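Residues take their numbers from the sequence shown, with the count starting at 1. These numbers were taken from a predicted model, which means no experiment stands behind them.
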Amino acid sequence: MTGSPEVIILGAGPAGVAAAHALTKAGKAQVSVLERAGQAGGNSTSFQIEGIWCDYGSHRFHPVADPKVIADVKGLLGEDLLLQPRHGRIRLGGRWIHFPLKPLDALLRLPPAFAASLFGDMALKPFRKRRDGARSFSSVLYDGLGPTISESFYFPYVRKLWGLDPDKLAVTLAERRVSSGSVGKILAKMLRMLPGMKGPTTGRFYYPRKGFGQITGTMAEASERAGARYAFGADILRIEREGSRVTAVVTRGPEGEVRHEGAQVFSTIPLTAALRLMDPPAPDEVIKAAQAIRFRGMILVYLILKTDQFTEYDAHYFPELSIPISRMSEPKNYNSAAGPKGLTILCAELPCDPGEKWWDMSDAELGRHYVQWLNGLGLPVRCEVLRCETRRIGQAYPVYDLDYQKHFEAVDGWLSSLDGFLSFGRQGLFAHDNTHHAFAMAYAAADCLRADGTIDRAAWAAHRAEFEHHRVED
């Protein structure tokens, strides 16, 4: 790669690692990746507790990913990439229903009153008056899905996840988060689960033997073998620029300050953080816009139990407001792990911002609450609890409030005006996306790098338009 441009990548999460892999695999650049943590993967890394591989919540690699991305992941992991059946359930109206929804299970288990209201909403949709006023998350769902599923499932779930009422959330969240915009589409999706109508990957997901982080970890190793240099423990102090041109990134590491220069800076860190690091600073109005952009925090609560298996399900979903957690996963059920014997772990996702009551609570206290929540849901913890551990993520989800679009456009527009700087990925584009979407963004960024180190801006704009069609897979 002698003579190829130098690209500095900020962040070694999925987007940063995938960009390093794509650039080095194609021989398009000399790559340096700067990461504050001690390893690659970001919130998509994995770690062991008592010999059990755990993730930062529930992660799956979805078969709907771009074929090029899936082919790369399969090639890197080989037999370690398992194709697993989805086997979750959701708490709705006090009953457990299989998730993803299955026709027979929904028919037998949906509360009768709920089912009748649901079909009534579908029948009355042509006659239902649309909500007046500005469009929001709640108005789009109410108009598309009707009051029953909106008020019983989606509205309480988003209150829990984002800490805001549905009327305070933007239309974009409905477009990105809710792939089935009508009851008819939900039923059609259920019908595709019937035997004879299912494709080879319908109702399935890819998952590595050693946790979800094995994907980014293996990809990082492949990019290193191809020449990428990773600097871990690198704390970014500033991003230097001369006018509209980014010239260098300065980090502080074990050996002091280091100045990194390159033709391009690919940033996958939060766009708000990138803006704060600019030297000289961005215009005041852009800084104010960045200060108005919010992320939602999350506490991952890991309950270590002395039993082989707590339930047969990989994930439980809790839309009801009676329980603070939004989802619970049992890691051993994701990779069909047989060991260690006599131990399992339950990982709860507790949406929570720094400063809220749960955030500063001790692990032991959170563990006691966790057990109480499960007992109250008819999932009694009868085995011995070994202990509870937690992980806290300050910026887990972008918050799409009603004003976010204008603030995002101000920050994104200014960052996009800089030469030698490209922001992408979940954090870099403030996108509520899956990991395979982050990979697709990274591959697109690599494709847009020219041999002279410049970016094909027209091609990047076309890719940005494609990103708008990304839909979250749960």
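- Using a distance-only test at 3.5 Å, with no hydrogens or angles considered, no donor-acceptor pair links the side chain of Arg89 to the main chain of Ala315.
- Under the 4.5 Å side-chain criterion, counting only non-hydrogen atoms from C-beta, Arg209 is in contact with Leu82.
- In this pair, Phe408 and Phe430 present their aromatic rings parallel. The plane angle is below 30°, not in the 30 to 60° band.
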Next on the checklist: Between Arg392 and Thr390, is the side chain to side chain donor-acceptor pair (under 3.5 Å) condition met? List the steps.
Outcome noted: CA-CA 7 Å; Arg392 286 164 171 78; Thr390 62; 2.7 Å; yes

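- Between the side chain of Glu35 and the backbone N or O of Tyr230, no donor-acceptor pair lies under 3.5 Å.
- Using a distance-only test at 3.5 Å, with no hydrogens or angles considered, a donor-acceptor pair links the side chain of Ser423 to the main chain of Gly428.
- Put simply, the side chain of Glu473 never gets that close to the backbone of Arg60: no donor and acceptor are under 3.5 Å apart.
- Note that CG of Leu402 and CG of Leu164 are 8.5 Å apart. Values are rounded to the nearest 0.5 Å.
- Side chains of Arg36 and Ile236 form no contact here, defined as non-hydrogen atoms less than 4.5 Å apart.
- With respect to the salt-bridge test (charged N to carboxylate O, under 4.0 angstrom), the residues Glu240 and Arg238 qualify.
- Ion pairing between a basic and an acidic side chain is recognised when a charged N comes within 4.0 Å of a carboxylate O; Arg426 and Asp433 show no such pairing.
- Remark: Arg252 does not engage Glu257 in a salt bridge, criterion side-chain N to carboxylate O under 4.0 Å.
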Item to check | Test ring pair (Phe, Tyr, Trp, His ring centres under 6.0 Å) applied to Tyr157 and Phe318, step by step | outcome: CA-CA 8 Å; Tyr157 202 48; Phe318 307 105; 9.3 Å; no

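- With rounding to the nearest 0.5 Å, the separation of CD in Gln30 from CD in Glu6 is 5.5 Å.
- Ring centers of Phe467 and Phe424: at least 6.0 Å apart, outside the cut-off.
- When atom types are taken as modelled, the side chain of Asp55 and the backbone of Phe212 share a donor-acceptor pair closer than 3.5 angstrom.
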Next on the checklist: One pair to check against ring pair (Phe, Tyr, Trp, His ring centres under 6.0 Å): Phe47 and Tyr302. What are the steps and the verdict?
Outcome noted: CA-CA 12 Å; Phe47 52 93; Tyr302 301 88; 5.5 Å; yes

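- Separation of atoms CE (Met328) and CG (Leu350) is listed at 13.5 Å; rounding is to 0.5 Å.
- Under the 3.5 Å distance criterion, the side-chain polar atoms of Ser417 are matched with a main-chain donor or acceptor of Trp414.
- The shortest distance between side-chain heavy atoms of Ile304 and Cys388 does not fall below 4.5 Å.
- Here Lys25 contributes atom NZ and Met219 contributes atom CE; the two are 8.5 Å apart, rounded to the nearest 0.5 Å.
- Residues Phe99 and Tyr313 keep their aromatic ring centres 6.0 Å or farther apart.
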Side-chain polar contacts of residues 288-301 - donor-acceptor pairs under 3.5 angstrom, sequence neighbours left out - could you list them?
from	atom 1	to	atom 2	distance (Å)
Arg296	NE	Leu161	O	2.9
Arg296	NH1	Asp353	OD2	2.9
Arg296	NH1	Glu356	OE2	2.8
Arg296	NH2	Lys160	O	3.3

Checklist entry - Is there a side chain to side chain donor-acceptor pair (under 3.5 Å) between Ser58 and Glu349 once you walk through the steps? => result CA-CA 8 Å; Ser58 173; Glu349 299 172 31; 4.8 Å; no

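- By the 4.5 Å heavy-atom criterion applied to side chains, Gln264 and Ile455 are counted as neighbours.
- Between Leu10 and Phe266, every side-chain heavy-atom pair lies at or beyond the 4.5 Å cut-off.
- In this structure, the ring of Tyr206 has its center no less than 6.0 angstrom from the ring center of His62.
- Here the side chains of Tyr154 and Pro166 are not in contact, with every heavy-atom distance at 4.5 Å or above.
- To the nearest 0.5 angstrom, Thr172 atom OG1 is 11.5 Å from Phe137 atom CZ.
- Between Arg387 and Asp363 there is no salt bridge, since none of the side-chain N atoms of the basic residue sits less than 4.0 Å from a carboxylate O of the acidic one.
- How far CD1 of Ile9 is from CZ of Arg229: 10.5 Å, rounded to the nearest 0.5 Å.
- Here the side chain of Asn434 pairs no donor or acceptor atom with the backbone of His436 at under 3.5 angstrom.
- For the pair Arg159 and Asp165, the salt-bridge criterion is met [side-chain N within less than 4.0 Å of a carboxylate O].
- Of the options Asp412, Leu415, Ile239, a side-chain contact (heavy atoms from CB on, under 4.5 Å) to Leu275 is made by Leu415 and by none of the others.
- The side-chain heavy atoms of Tyr317 and Ser326, taken from C-beta on, include no pair separated by under 4.5 Å.
- With sequence neighbours excluded, no residue forms a salt bridge (charged side-chain N to carboxylate O under 4.0 Å, His left out) with Asp419.
- Trp162 has its side chain within reach of Tyr397: a pair of non-hydrogen atoms, C-beta onward, lies under 4.5 Å apart.
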Item to check | Residues Thr218, Glu221; criterion side chain to side chain donor-acceptor pair (under 3.5 Å); working and verdict | outcome: CA-CA 5 Å; Thr218 304; Glu221 291 169 1; 4.8 Å; no

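- Tyr443 places no side-chain N or O within donor-acceptor distance of the main-chain N or O of Ala22, the cut-off being under 3.5 Å.
- The main-chain N or O of Asp447 is found under 3.5 Å from a side-chain atom of Lys28 such that the two form a donor-acceptor pair.
- Side-chain atoms of Glu468 do not come within 3.5 Å of backbone N or O of Ala465 as any donor-acceptor pair.
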